[in-house]
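Keep in mind that what you see is a predicted model, and the values were worked out from it rather than measured. The chains referred to below are lettered A, B, ... by the order of the sequence lines, with proteins before strands, and numbering in each begins at 1.
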Amino acid sequence: MVAALRVEALTKRFGAFKALDQMSFVLEQGEIHALCGENGAGKSTLIRCLSGLWPHSSYDGQIWVADQIAHFSGIKDAEKAGIAVIYQELALVPDMTVAENLFLGAEPTRWGLVQWDPIYQQASLLFRELGIELDPTQKIGELGIGQRQLVEIAKALMKKSRILLLDEPTAALTETEVETLLRILGQLKAHGVSCLYISHKLDEVLSIADRMTVIRDGCTIATLTAENASKAELIRLMVGREIDQLFPKRKSQVGGCVLQVQELTVTHPQTHEPVIKDLSFEVKAGEVLGVGGLMGAGRTELALHLFAGWGNRTHGALVFCGKSWPETDPHRSIHAGMMYVTEDRKGQGLVLDQGIGFNISLAALDQVGWFLDVDQEQTINSNFFAQLQIKAPHLETPVQALSGGNQQKVVLAKALATHPNLVILDEPTRGIDVGAKLEVYALINAMTDAGKAVILISSELPELMGISDRILVLSRGRKGGEFSASEADQEQLLEAAMCHA
Amino acid sequence: MTPISRHFSMAIGLILIWLFFAFATDNFLSPRNLTMLSIEVAVTATLALGMLLVLLPGMIDLSVGSGVGMIGGIAAVLIFRLDWSAGWSMVVGMVVGILVWTGMGALIAKQRIPSFIITLGGLLVFKGLFWKIISSETVPVVAGGQENALSILTTYYLPTWAGSLLLVLLLALMVSLQWRKRKSRARHGFPLEPLPLTWLKGLITFQACLLAVLVLNQFQGIPLALLVLLGVAAGVHVLIQHTRFGRYLYAIGGNREAALLSGVPIDRVIIGAFGALGLIVALSGYLQTAYSGASTTTIGNLMELDAIAACVIGGTSLSGGRGHVLGVLIGAVIMATLLNGMTLMAVAPETKFIARGTVLALAVWMDIRLSKS
């Protein structure tokens, strides 16, 4: 039998960086095939190639769909070939009914009028076939995330898709929803539909997948069958890399406790589901607390709760710099000596139209007075401009003209200009080159040398282990484990990150 | 494109428009008409500078035209029907302006209602209140043959000697400010504009001011309204360029999320911007009502659109984060000139609307084209 999908030596370059490097695997007909890898291993890039988002001319290697080489130049082509992507962010219209969404853009018409009866009949029929218990006349907005996901899958099948790409489909689901989803996937398999299943949750993967391929740094590492795979083996293959000497050693003096968090529970502002559960930890002056965990583990939410009062605190006692720390806003946090450096520097970190100086001093203008003292402001700006070695002609260069690494330095300079006692760095090295990374690491050491406490949120395990003194691992909002950096290894960390999954 | 070359291309456009009207009419360049034009510019530009304050953080205000009518009406009614002194009447109007606009700002910032909607509501509500206040009649700003603090806004002219003195003082101020700025920039290692260019720009500015004063003095002198505009322009410039508040306006318009995470008190800043706009709406209301001589139901009609047009022609971004006082001033001169010139040519009202709308669209289109290249 011909394989449903075959990827051969797929290589996708971004400049000199290879997001995919000679990747190969085979998805058989009626198979559930899991793709496992760390954040940044190349999973998203692969999906983009398979779904036609990156056209076929932009990568090397071949994608075979059944017995034909795919030449997708856009998403439509991939859809025509029978490939459907079920994304984490669902693409449904909330104000329309389930059936209306299923037929959106493909409504059967007679004389230009939509034929509503067949739409609802066909939708019910499809649901019955799949064993999905859903009312086609319900509005999408009234459904939970899990049910919406099922609608998405039904929509894909409606379009006669034979290959489903599921990108972290259970990330936001409750346990019963996960069970339903897995049951439906089992049924689809019986209908001959093939699924490429991408998930961090290894237990889930092991229970549903027929085979699994581990990828790392854009390369295929191994393909295992369900019988001879184990969680430990998968983790070993996913990590499998040595930490090199990228990380300068730190000799900072560890001082008193700066932030103490006890039994913190925070709920989501809209869904009111707990995002942080019963979390306790502390950070001392002069040390780096690494915070690890998978995407969606609640790391950024934790940072934003501490700094900006994100969500609702339902329980917990927090002490910052000797004072009780209530739910707050950035203005007050900065005054109290806490600063947050966002993971999204373009979206939330910088005013791109404005110059470097404007951005550096933005959070520290209280020091300059209501009527801006130009000399004082420039002194602050020039200091950090020089200290962080921002590569630009002068302080009035618009930040949008800078490279990613230099933009990151501007965001860091803005944080330092507020003279914080605690700096929360959220993915500070995302998307910057190795040279700039080294400078950021050196800067973190300089911060702790100056007696500041640092919370470092990072998805890169080597970075966490190389830079942190201690590592707190979050797993679905709970503490998955806490390690001192010297005793932790990557397997332990990954296991801790998945322990509540 | 740098602001300088943008101003340059706008100035060229303005000169072309002036040349057109100079040839198309007999008296466009007469001292009398240019004096009237300067008063009309003062009204439009003052309101546009207020609009700039809310456009910078990415907001908009559609209610200023109705506000101009309403607050002018309040002052006129207090003076003419209730016999209040003009000074106190105007103070009351300004307090009303600040309070009402602060209130709208609070609704926009705290309740997260889009400014477009709140001020669209304001446009209608204030128009209705305005007509109620003046009972849909014509209320003079002052009894016939007399004058008061409100009426002199557009009827008083500086004596020629005072106008000349003002010119000299302004010139001295500009030179010293430029000198200080240059020294400060040099001290901090900023790129400096070539000295001859600075001299050239100074010379052109000086000549323009000199010409303006000479022409205005040939009629009756510098109108008081122009001084009001000068004061508002200086105030707004200092506010947005030299205070923390102004910095925050640009930051909110440039990237609201980043501003929030940088500790910018967004709600307070937006409320403050609307409060300041309320004061300027009151001032514009006095200028416009005084210029008409009476408060009537049509005062302020469509002035919000002139104000927005002046800002946009002057390079202000409607999505926020970009805009300067000088640009807005030039934009206001263009809008006021169009109206003045077409009135002299006795163009039909319907044609005036079409022409103003076309120029607005054309100017913005040109701006987009130029800034791409």
Side-chain angles (χ1 to χ4, degrees), chain A residues 303-304 307-308 328-336 338-342 344-355 357-375 377-379 381-382 385-386 393-400 411 414-415 417-418 426, chain B residues 1-4 56-58 109-110 112 177 180-193 235 237-269 272 315-317 319-324 371:
Chain A
L304 285 176
F307 175 71
T328 175
D329 61 51
H331 188 68
R332 272 183 280 170
S333 299
I334 290 171
H335 270 266
M338 186 190 290
M339 188 61 186
Y340 168 70
V341 177
T342 168
D344 178 8
R345 61 176 170 268
K346 282 192 178 158
Q348 304 183 326
L350 296 166
V351 184
L352 288 167
D353 279 344
Q354 299 287 350
F358 181 104
N359 278 283
I360 292 181
S361 62
L362 183 59
L365 289 181
D366 287 353
Q367 301 162 28
V368 186
W370 196 79
F371 191 89
L372 300 177
D373 180 338
V374 180
D375 286 342
E377 186 193 356
Q378 293 316 326
T379 312
N381 289 343
S382 317
F385 188 66
H394 51 80
L395 277 165
E396 283 180 341
T397 312
V399 287
Q400 62 191 348
V411 182
K414 177 171 81 175
T418 65
D426 198 349
Chain B
M1 197 163 74
T2 63
I4 307 266
L56 281 181
K110 299 263 186 204
R112 318 238 162 246
L177 282 180
R180 276 190 47 186
K181 190 172 162 197
R182 253 190 107 79
K183 260 181 33 187
S184 153
R185 288 180 66 85
R187 197 160 56 239
H188 298 295
F190 284 147
L192 288 175
E193 179 178 81
H237 175 78
V238 169
L239 189 65
I240 65 177
Q241 296 293 335
H242 294 284
T243 71
R244 197 158 68 208
F245 175 78
R247 226 23 116 65
Y248 288 167
L249 289 179
Y250 282 97
I252 294 170
N255 186 343
R256 191 176 170 134
E257 294 267 313
L260 179 71
L261 289 179
S262 301
V264 173
I266 292 181
D267 292 358
R268 259 191 285 153
V269 172
T316 309
S317 160
S319 52
R322 193 154 52 82
H324 299 89
S371 52

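- Taking the six-membered ring where tryptophan is involved, the planes of B:Y250 and A:F358 are perpendicular, since the angle between them exceeds 60° and thus also 30°.
- Proximity to chain B is limited to the side chain of A:L304, based on heavy atoms less than 4.5 angstrom apart.
- Once rounded to the nearest 0.5 Å, the distance linking OG of B:S262 with CE of A:M339 reads 5.5 Å.
- Heavy atoms closer than 4.5 Å to chain A are found in the side chain of B:R185, but not in its backbone.
- Using a 4.5 Å cut-off between heavy atoms, B:R187 touches chain A through its side chain atoms alone.
- Looking at B:Y248, only its side chain comes within 4.5 Å of chain A, counting heavy atoms on both sides.
- Heavy-atom distances place no part of A:S333 under 4.5 Å from chain B, backbone and side chain included.
- Comparing A:V368, A:D375, A:L395, A:V374 by heavy-atom pairs within less than 4.5 Å of chain B, the highest count is held by A:D375.
- Under a 3.5 Å cut-off, the side chain of A:S361 and the backbone N or O of A:G357 do form a donor-acceptor pair.
- Ring geometry for B:F190 against A:H394 counts as perpendicular: the plane angle is over 60°, on a 0 to 90° scale with 30° as the lower cut.
- In this structure A:R332 satisfies the salt bridge (Lys or Arg N to Asp or Glu O under 4.0 Å) test together with A:D329, sequence neighbours excluded.
- In this structure, chain B has heavy atoms under 4.5 Å from both the backbone and the side chain of A:D366.
- Proximity to chain B (any heavy atom under 4.5 Å) is restricted, for A:L350, to the backbone atoms N, CA, C and O.
- Counting heavy-atom pairs closer than 4.5 Å to chain A, the top-ranked of the candidates B:P191, B:A259, B:G253, B:G246 is B:P191.
- Across A:Q400 and A:D353, no two heavy atoms sit closer than the pair NE2-OD1, 3.6 Å.
- Nearest approach of B:L239 to B:T243, heavy atoms of both residues: O-OG1, 2.5 Å.
- When all heavy atoms of A:L365 and B:R247 are compared, the closest pair comes out as CD1-CG, 3.4 Å.
- Comparing A:D373, A:T342, A:V351 by how many heavy-atom pairs each has under 4.5 Å with chain B, the most go to A:V351.
- Options A:S382, A:P393, A:G347, A:A308 differ in how many heavy-atom pairs under 4.5 Å they form with chain B, and the most are formed by A:G347.
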